[in-house]
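We count ligands from 1, going down the list as the structure has it; atoms in each ligand are counted the same way. Values reported hereafter were calculated over all heavy atoms of this structure, with side chains retained and with hydrogens, waters and symmetry mates removed.
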Amino acid sequence: MAPKPPHLLLAILVIFSIQTFKGRARTLKPEHQQSFSSSLQKLEGVHKGQTAEGLLDLKKYLMKFGYYPSDATLTSSDFDDHLELALKTYQKFFRLNVTGNLDSSTTQQMMIPRCGEPDIINPPPSTEPNSTESKHKKFHMVAHYDFGSAKWPPSKYALTYTFGRGVQVFDLNTLRSVCADAFQKWAEVSSFTFTEATDGASADIVIAFYSGDHGDQYSFDGPGKILAHGFFPQDGRLYYDADENWSTDPTMDQTDLESVSVHEMGHLLGLRHSNDPAAIMYPSLQIGTKKRDLTQADIDGIHALYTN
Ligand SMILES: *[C@@H]1O[C@H](CO)[C@@H](O)[C@H](O)[C@H]1NC(C)=O
Ligand SMILES: *[C@@H]1O[C@H](CO)[C@@H](O)[C@H](O)[C@H]1NC(C)=O
Ligand SMILES: *[C@@H]1O[C@H](CO)[C@@H](O)[C@H](O)[C@H]1NC(C)=O
Ligand SMILES: [Zn+2]
Ligand SMILES: [Zn+2]
């Protein structure tokens with residue numbers, strides 16, 4: 001057989017690595033998703049005073065999103081008072097019945113994929129763990145979530161963005177078009193403009209897909225659970241979990257890239273999570289759904305943050 005020209009070999013190599021990557025992703029995906037959901041399902045109905053495998057992971061999940069005091073140390077798999085309180089706060093945020101129990105509507109809510117940013121930013125440290133006053137304070141904090149305080153100065157209202165290296169999930173033109181549309185939604189209701197940087201190195205915002213650990217402290221976690229994160233001003237990183245089944249026009253198995261982009265861009269501008277299920281800034285997004293348009297709550301949020 002005649003030696004193949006190098007560019008043909010390269011093409012074969014590329015095709016081969018794409019195939020193996022796809023194969024790996026396919027076998028990895030259902031397994032991961034299964035373990036988180038099935039572990040939650042097993043916990044359903046476990047109540048205070050009991051010990052169950054999986055409760056420690058549940059506590060870590062709640063802590064990650066701000067439902068534990070900042071100084072909490074999570075060690076045991078006991079369903080204790082602290083977990084009950086964290087669950088109540090979670091249930092209040094997501095407008096579920098505030099039972100403090102692991103009922104099915106609570107575990108169902110946790111199974112919906114969501115943004116990696118916390119719902120309660122900088123939760124206060126615990127005071128006396130069993131004082132009713134501190135419980136009361138923590139419990140009511142959720143109702144008064146605000147729209148953030150970190151923001152861009154007026155000199156930075158003309159923001160630039162670029163697409164970073166990372167996992168290639170979409171071709172650049174697709175990504176460009178989706179991100180331009182998503183930025184446009186915020187530009188229409190604020191003083192911001194968003195332009196792709198010609199000199200990538202100096203862009204204010206960097207957009208990329210990553211899988212698993214990617215160098216910040218917030219590793220992605222395979223399919224489901226966490227979809228993406230966008231950092232508050234003036235950080236500018238918007239990263240998507242490359243292991244989701246992304247699409248620009250999702251089927252029932254896929255996650256809508258534009259919906260998640262509009263949400264994460266809200267964080268880039270300084271907005272926090274809203275507990276209004278219709279709002280773009282609501283933390284969760286069901287697989288297979290599109291939620292691309294700002295609601296009045298989102299618009300009020302950006303106005304409140306940037307008018308004084
Ligand atoms: C809350 O509890 C009521 C009465 O038990 C029930 O009808 C309703 O479906 C529950 N809501 C949620 C979100 O679970
Ligand atoms: C917490 O509760 C326990 C038992 O319910 C009690 O013995 C203890 O004194 C309480 N601690 C505080 C700081 O209130
Ligand atoms: C990704 O979505 C496609 C299109 O609906 C579907 O065929 C495929 O099974 C999905 N993959 C996973 C791992 O869910
Ligand atoms: Zn978010
Ligand atoms: Zn990250």
Side-chain angles (χ1 to χ4, degrees), residues 21-37 64-67 93-94 111-121 145-148 150 164-167 169-170 182 186 205-233 235-277 279-292 294-295 297-298 301-302 305:
F21 174 76
K22 278 186 175 164
R24 190 178 57 102
R26 252 198 297 274
T27 51
L28 202 125
K29 278 177 181 179
E31 201 181 295
H32 257 255
Q33 209 154 20
Q34 193 79 34
S35 70
F36 182 63
S37 303
K64 181 177 173 66
F65 298 116
Y67 293 101
F93 186 92
F94 284 97
M111 284 178 207
I112 304 173
R114 57 162 293 153
C115 170
E117 294 298 328
D119 303 328
I120 300 169
I121 317 274
Y145 72 91
D146 63 76
F147 287 105
R165 289 173 200 285
V167 182
V169 174
F170 291 97
W186 290 109
I205 293 167
V206 180
I207 299 168
F209 288 81
Y210 287 107
S211 186
D213 187 355
H214 52 278
D216 54 33
Q217 297 165 48
Y218 310 98
S219 292
F220 288 132
D221 53 10
K225 226 164 137 188
I226 290 173
L227 302 172
H229 52 225
F231 290 78
F232 294 106
D235 183 295
R237 283 173 291 172
L238 192 181
Y239 294 160
Y240 306 90
D241 185 345
D243 289 330
E244 306 304 332
N245 201 351
W246 292 105
S247 172
T248 55
D249 189 16
T251 63
M252 274 175 56
D253 306 314
Q254 298 178 311
T255 300
D256 186 41
L257 181 65
E258 183 165 337
S259 303
V260 173
S261 302
V262 181
H263 175 99
E264 299 305 333
M265 287 166 185
H267 289 315
L268 296 182
L269 296 178
L271 296 193
R272 299 181 175 192
H273 284 153
S274 163
N275 69 343
D276 175 353
I280 282 287
M281 294 316 294
Y282 188 69
S284 315
L285 182 73
Q286 288 281 10
I287 289 178
T289 60
K290 288 183 193 172
K291 189 159 86 173
R292 299 175 171 181
L294 302 181
T295 64
D298 301 303
I302 193 83
L305 185 55

- Query: Can a cation-pi geometry be assigned to Arg114 and Phe65, taking NZ or CZ under 6.0 Å from the six-membered ring centre and within 45° of the ring axis?
  - Reply: yes
- Item | For Thr251, atoms of ligand 3 separated by under 4.0 Å from a heavy atom | 4 (C), 5 (O)
- Item | Under 3.5 Å: donor-acceptor pair, side chain of Asp221, backbone of Pro223 | no
- Note on the structure: min-distance N/O/S atom, Asp216 vs the Zn ion (ligand 5), resolves to OD2
- What is the ring orientation for Tyr210 with His214, classed by angle as parallel under 30°, tilted 30 to 60°, or perpendicular over 60°? parallel
- Query: Going through the checks in order, is the side-chain contact (heavy atoms from CB on, under 4.5 Å) test met by Val262 and Lys291?
  - Reply: CA-CA 9 Å; Val262 181; Lys291 189 159 86 173; over 6 Å; no
- Backbone or side chain, does His229 get an N/O/S atom under 2.8 Å to the Zn ion (ligand 4)? no
- Could you tell me which atoms of ligand 3, counted from 1 in the order shown, lie closer than 4.0 angstrom to a heavy atom of Asn245? 1 (C), 2 (O), 3 (C), 8 (C), 10 (C), 11 (N), 12 (C), 14 (O)
- Nearest option to atom 4 (C) of ligand 3, as decided by whichever heavy atom of Gln254, Glu244, Met252 sits closest: Gln254
- Message: Angle between ring planes, His263 versus His273, binned at 30° and 60°: parallel, tilted or perpendicular?
- Response: tilted
